[in-house]
There are 2 protein chains.
Amino acid sequence: MIEVAVDTKTKILDAAEKLFGNKGFDATSLRDITAGADVNLAAVNYHFQTKESLIDAVIARRLEPVNRRRLEMLTAAGPNATVEQLVEAFVLPVVQQDISSILPMMGRAFASPDPFLLRIFKRNLIPIADRFCEAFMVALPQLSPEECRWRLLFAAGSMAQTLSWSQLVGEITRGVCDATDREAVTDRLVRFVAAGFRASDVREGHA
Amino acid sequence: MIEVAVDTKTKILDAAEKLFGNKGFDATSLRDITAGADVNLAAVNYHFQTKESLIDAVIARRLEPVNRRRLEMLTAAGPNATVEQLVEAFVLPVVQQDISSILPMMGRAFASPDPFLLRIFKRNLIPIADRFCEAFMVALPQLSPEECRWRLLFAAGSMAQTLSWSQLVGEITRGVCDATDREAVTDRLVRFVAAGFRASDVREGHA
DNA sequence: GTCTATAACGGGATAGAC
DNA sequence: GTCTATCCCGTTATAGAC
């Protein structure tokens, strides 16, 4: 493991990512970031102008490769893809980030009411959602387009919440669950979501 | 519809709830709240001491009846409850709030990294999760306790995210989905989650 | 490109009159 | 219980020397 010299811009992005992940965007001040990056306070404004564009840069740095990978996996799965393969193409690239500190941040950004964050997510996620809905409609032809969209939302919710809670699941579940084995968690998530997608489109009688 | 005089404390709670739901906790200042409630700035400190305990009060006012209703429905479903009945007991009381502005707020509070909000949720939700896990284990005896906990987390994630996005689904899905018919959305959500709970506990071979 | 110093502002909370 | 006025702090962002 060789530590190479990193430029100021990258040091800021790294520190910001970590802090945003741990404390959220609002609770993290530029002073926190520059202290963590061991750079001067003014450097962040020099390189990123405003806090908002710093947030944008932090998210884009991770989300763009994720979405590239998602589309790669979607294409690789081909037109006869199984539901599991599609769910994996949606979920795996997010979970397999090499920097785990980004995961809670991405999960949380999903849920933010901030119109600025909303713009970022609409820009980055709506095209992806379109592509995946098409693919799910092929794999599950009996699904209406509306139901398909809803299920993708539910799936994204499960994933996002799991990510944003990843550091807390032990505490929340009284130690029963452990999120450190990310592969196992992903496997559980994929199975849950795939089964949800396969649910009957009409309401079954119950009780 | 008769407007009765409300006391200052309730006016503050109502205004805070609305603003927290629309803008989030951080972005809402006490000045926003007192302006919206048409009360004096100092009144909030007089009645609630700090902003944090105001947040606590706002959440508790809605969450406590929800959890009471959840346990009622759980009890009413009895020991032979179906998976759908259990999921409904978990989801319906949240969705059927008479004040829709609270829904995004509750969904979002789920995802917050704030240790203060975390405390609130651990206090309010862990006992509920315990009770529901017991019930799901009865309805699905082949499920391991760990898998059961994970699935409850996934389910909570779907629900929370759906709530926090409820005002945006139209925009996000290019108009394909409409969240205003809450009953229909709940129905879709229950079906998705129940199917996820029923998924096989072991990984099937795929591709 | 990097630093120090500071401007300009908005926030939560409080003192004290009424 | 309710008000006005204010304190005090941390924040983002910038000006200007190096």
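Each chain gets a letter, A, B and so on, in the order the sequences are listed, and its residues count up from 1.
A search for side-chain contact (heavy atoms from CB on, under 4.5 Å) contacts involving Ala81(B) returns Ala77(B), Gln85(B), Leu86(B), not counting sequence neighbours. Thr75(A) meets the side chain to side chain donor-acceptor pair (under 3.5 Å) test with no other residue; sequence neighbours excluded. Every side chain to side chain donor-acceptor pair (under 3.5 Å) that Arg69(B) has, sequence neighbours left out, goes to Glu72(B).
Between the NZ atom of Lys51(A) and the C1' atom of dT14(D) there is a distance of 17 Å, given to the nearest Å.
Seen from the ring of Phe136(A), Arg151(A) does not count as a face-on cation partner, given the 6.0 Å and 45° thresholds.
Among pairs with a residue in residues 160-194 of chain A, those fulfilling ring-ring contact (aromatic ring centres under 6.0 Å, His included) read Trp165(A)-Phe110(B), Phe192(A)-Phe154(B), at least two apart in sequence or across chains. For residues 34-44 of chain A, no residue pair satisfies the side-chain hydrogen bond (donor to acceptor under 3.5 Å, both in side chains) rule, not counting sequence neighbours. Applying the salt bridge (charged side-chain N to carboxylate O under 4.0 Å, His left out) rule to pairs touching residues 112-123 of chain B yields Glu171(A)-Lys122(B), Asp56(B)-Arg123(B), sequence neighbours excluded.
Close approach of DNA chain C to chain A, defined as any atom under 4.0 Å from a non-hydrogen atom of the protein, starts and stops at dG1(C) to dT4(C).
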Identify all side-chain donor-acceptor contacts of residues 42-50 of chain A below 3.5 Å with residues at least two apart in sequence or on another chain.
unit_1, atom_1, unit_2, atom_2, d
Thr50(A), OG1, Glu52(A), N, 3.4
Thr50(A), OG1, Ser53(A), N, 3.2
Thr50(A), OG1, Ser53(A), OG, 2.9

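The stretch residues 41-48 of chain A touches DNA chain C through Ala42(A), Tyr46(A), His47(A), each having a heavy atom under 4.0 angstrom from the strand.
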